[in-house]
**Q** 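After the structure tokens below, expect a handful of questions from me.
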Amino acid sequence: MSTGVANRTAQPGPDVAIQPLVVDDQVNQTFRVHRSAMTSPEVHRAEIERVFATSWLYVGHESEIPNPGDFVRRPLAGRPIFMVRGVNSGNINVFHNSCTHRGALVCRQDSGTAKVFSCFYHAWSFDTEGKLKGVPDRDAYAGGLNFDELGLKAVARVESYRGFVFASFDPAIVDLQTYLAGAKDYIDLVVDGCGGNVELARGTNEYSFTANWKLLVENSIDGYHAQSTHDTYFKYLVSIGTDLQGGVKGRALALGNGHAVIEYSAPWGRPVAKWEPLFGEEARGEIDRLRADLVSRYGEERAHTMAELNRNLLIYPNLIINDIMAVTVRTLFASAPDRVDVTAWQLAPRDELPSLRQRRLDSFLTFLGPGGFATPDDVEALESCQQGYAGGGVEWNDISRGMGRGPMANDEEQMREFWRRWQQQMGSAADRGGAQ
Amino acid sequence: MSAVAVGVSRQQVEDFLYAEAALLDTWSLDDWLQLYDEDAKYEVPCNDAPDGNPDTDLLLIDDDYARLRARVARLNSRRAHREYPHSRTNHQIFNVTIAARDDGGEIGVTASFTVWRFRGAKTSCYVGHYRYRLRLSDNGFRIAFKRAELDMTDLRAVSDVAIIL
């Protein structure tokens, strides 16, 4: 499905590619992406303007800044910003991290608590609501300083959904819930499945590698590669007593606006709420209790979906929430055409039983972490693809798998949903004529 | 802490750490695993939480002996794609200090490390601190605990920790 949110950067008149990089051929049931979409500096520049500057982007989680004055600093699509809970309002503020005087960063720590953000260069200072509070020697400004105009510049739009804070540089973008479309219900499944009250665990995975960012979008929601690429991980599961019978089974769904999900059953256990022998007998009662609680709150069918099924969820363009053997929140940015910066956190129920938290942490780092048994091999695969593109000779990637049938979790419909939205948003900039 | 109080010299500890490094650099991982007791742990915390506690915080690596054995089996196979073919590595150890034996007779050791990793056209460098707990057996030292705390603020330059530090 496609809800066709207008491309707000579109120039007047039709802004469509004559020779689009994404070719969706419904007649022949083939779907192809031109490889210059992954290599072209022109495409990359256009993505910064047309995709990253005009979408809702994940900033952080409300649980990171529970108290007034708490802040986290991080780049948002490569731009320095920080998120702070206002001392007066209690609101979540997201500011461009730049002094309104001459530009230096005003927040120079990754996290902390502050009442005031002072620029060390000339000592202008701002409060947690962004208001300019202090300017040394202000008498020097004969015409006076307009303190209201010189407050910290907020990122154009900031909204939260279920604790996930998003911001957009586009003042005219649709509201967040409209933007999220069908993905909203999947965020609900993740959060409600965790008992409705979640937090990020301490410890962040920040890594980069030499591949186009869209390859990691595809990979994060790709059921097809699991068995071939991650053979050593499945062998590890067998070695600790996991029964691989049943395999990975499920479906792929386009959720509108470029969002998509694969939803499937898999051999591994889930701390909420699918017991397996690895969790130990002592955890069985607690997992049964969590499961029964979900049934009583949401009914058998939804509880089954929450507890038994895995979800690899893409929130277009660059947020991945994978609710599998643990829950990861992963955001990506293209710092160059062939470079992706990944930042990933672990989402978990607040007040989780320590033994289950321990198992969840274990599950995360063995599969999802950059020191685990799977993610390094994904990095290798994506760098390998990027190297393959450099040779030319082969112009197109094929993303047709599962067209013409109810798409399964190991098909590619979820990627097609991403690419369709991408082509629409990029418009004339995603054209073979312009992409070098 | 004097060598007398601990009962071993710093040089003995250094020789042992150099031998461990040599096993890693020659990819003799089965022999390397033999240095570890079966209740041993190997930990690498996240860059932004070097004091991370594996019970409550996310680590990059938190291996008990079973997972360490699985890590070795993985790296020895041809299916650990990130490490097939293997990187060339050079594990370098400096600033070794020895603390007193604890009540369990284990010797605390700290050291600085630099681990260079070369593969394809890429050079990676891991810098940080080791924390070991060693046991003295009839056949020399055994490793009860090894933790590699990274000084790099993130993994952007190195991409992953697919090798053993």
Side-chain angles (χ1 to χ4, degrees), chain A residues 110-111 200-211 228-241 326 328 335 339-348 352 354-355 357-358 360-362 364-366 368-384 387, chain B residues 41-85 87 117 119-122 124 126 148-150 152-165:
Chain A
D110 290 335
S111 63
L200 295 181
R202 183 164 173 262
T204 312
N205 292 165
E206 291 181 90
Y207 56 101
S208 303
F209 53 94
T210 306
S228 46
T229 302
H230 299 312
D231 180 66
T232 65
Y233 178 74
F234 286 104
K235 282 207 171 79
Y236 162 70
L237 287 185
V238 170
S239 79
I240 57 175
T328 185
S335 50
R339 190 80 181 158
V340 57
D341 295 341
V342 187
T343 308
W345 300 266
Q346 166 154 228
L347 190 78
E352 191 169 31
S355 62
R357 176 60 68 95
Q358 166 77 63
R360 178 186 295 279
L361 291 161
D362 254 23
F364 187 105
L365 62 88
T366 48
L368 292 160
F373 293 174
T375 289
D377 296 336
D378 286 318
V379 170
E380 182 73 0
L382 305 187
E383 288 193 346
S384 183
Q387 287 166 28
Chain B
K41 285 207 66 188
Y42 165 58
E43 297 175 353
V44 182
C46 286
N47 303 68
D48 65 336
D51 61 342
N53 172 354
D55 293 336
T56 53
D57 303 327
L58 180 64
L59 271 60
L60 292 167
I61 294 172
D62 177 25
D63 286 354
D64 58 12
Y65 190 79
R67 193 143 66 224
L68 203 53
R69 194 168 50 202
R71 186 175 295 279
V72 166
R74 171 181 142 76
L75 288 169
N76 281 339
S77 82
R78 295 179 169 210
R79 309 283 284 174
H81 310 289
R82 190 59 166 169
E83 274 302 327
Y84 183 77
S87 301
R117 178 187 186 193
R119 186 167 183 271
K122 183 172 175 174
S124 306
Y126 300 80
E149 296 173 357
L150 297 165
M152 308 108 79
T153 54
D154 55 56
L155 297 174
R156 301 238 179 263
V158 298
S159 302
D160 63 75
V161 194
I163 58 165
I164 295 168
L165 294 177

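Each chain gets a letter, A, B and so on, in the order the sequences are listed, and its residues count up from 1.
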**Q** Check whether any side-chain heavy atom of B:R74 lies under 4.5 Å from a side-chain heavy atom of A:P376, and answer yes or no.
**A**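 Counting from C-beta outward, B:R74 and A:P376 do come under 4.5 Å.
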**Q** With the side chain counted from C-beta on, respond yes when B:L155 and A:N205 share a heavy-atom pair under 4.5 Å apart, and no when they do not.
**A** no
**Q** For B:R69, is it the side chain, the backbone, both, or neither that has a heavy atom closer than 4.5 Å to a heavy atom of chain A?
**A** neither
**Q** Under 4.5 Å from any heavy atom of chain A, what part of B:A70 do you find: side chain, backbone, both or neither?
**A**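 The answer is both parts of B:A70.
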**Q** Counting C-beta onward and ignoring hydrogens, is there a side-chain heavy-atom pair between A:T343 and B:R156 closer than 4.5 Å?
**A**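 Yes - at least one pair of side-chain heavy atoms lies under 4.5 Å apart.
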**Q** Side chain from CB out, backbone as N, CA, C, O: work out which of these in A:Y236 comes under 4.5 Å of a heavy atom of chain B, or both, or neither.
**A** side chain
**Q** Looking at B:N53, B:T56, B:D57, which one forms a side chain to side chain contact (heavy atoms under 4.5 Å, CB included) with A:R202?
**A** B:D57
**Q** Quick one: are A:E206 and B:N47 in side-chain contact, heavy atoms under 4.5 Å?
**A**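 The answer is no, as the side chains (C-beta and beyond) never meet within the 4.5 Å cut-off.
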**Q** Select one option (side chain, backbone, both, neither) describing which atoms of B:R119 are under 4.5 Å from chain A's heavy atoms.
**A**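 Answer is side chain: those atoms of B:R119 sit under 4.5 Å from chain A.
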**Q** Is there a donor-acceptor pair closer than 3.5 Å between any side-chain N or O of B:D48 and the backbone N or O of A:T204?
**A** yes
**Q** Does any part of the side chain of A:D362, heavy atoms only, come nearer than 4.5 Å to the side chain of B:D62, both counted from C-beta?
**A** yes
**Q** Find the one option among A:Y233, A:W345, A:F373, A:Y207 whose heavy-atom pairs under 4.5 Å with chain B are most numerous.
**A** A:F373
**Q** So which part of A:R339 gets closer than 4.5 Å to some heavy atom of chain B, the side chain, the backbone, both or neither?
**A** side chain
**Q** Please flag which part of A:E383 lies under 4.5 Å from any non-hydrogen atom of chain B: side chain, backbone, both or neither.
**A**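 It is the side chain, since no backbone atom gets that close.
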**Q** Less than 4.5 Å apart, side chain to side chain, heavy atoms only: is that true for B:K122 and A:T210?
**A** no
**Q** Check each atom of A:T229 against the heavy atoms of chain B and say whether the ones under 4.5 Å are side chain, backbone, both or neither.
**A**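 Answer is both: backbone and side chain atoms of A:T229 are under 4.5 Å from chain B.
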**Q** For B:P54, is it the side chain, the backbone, both, or neither that has a heavy atom closer than 4.5 Å to a heavy atom of chain A?
**A** backbone
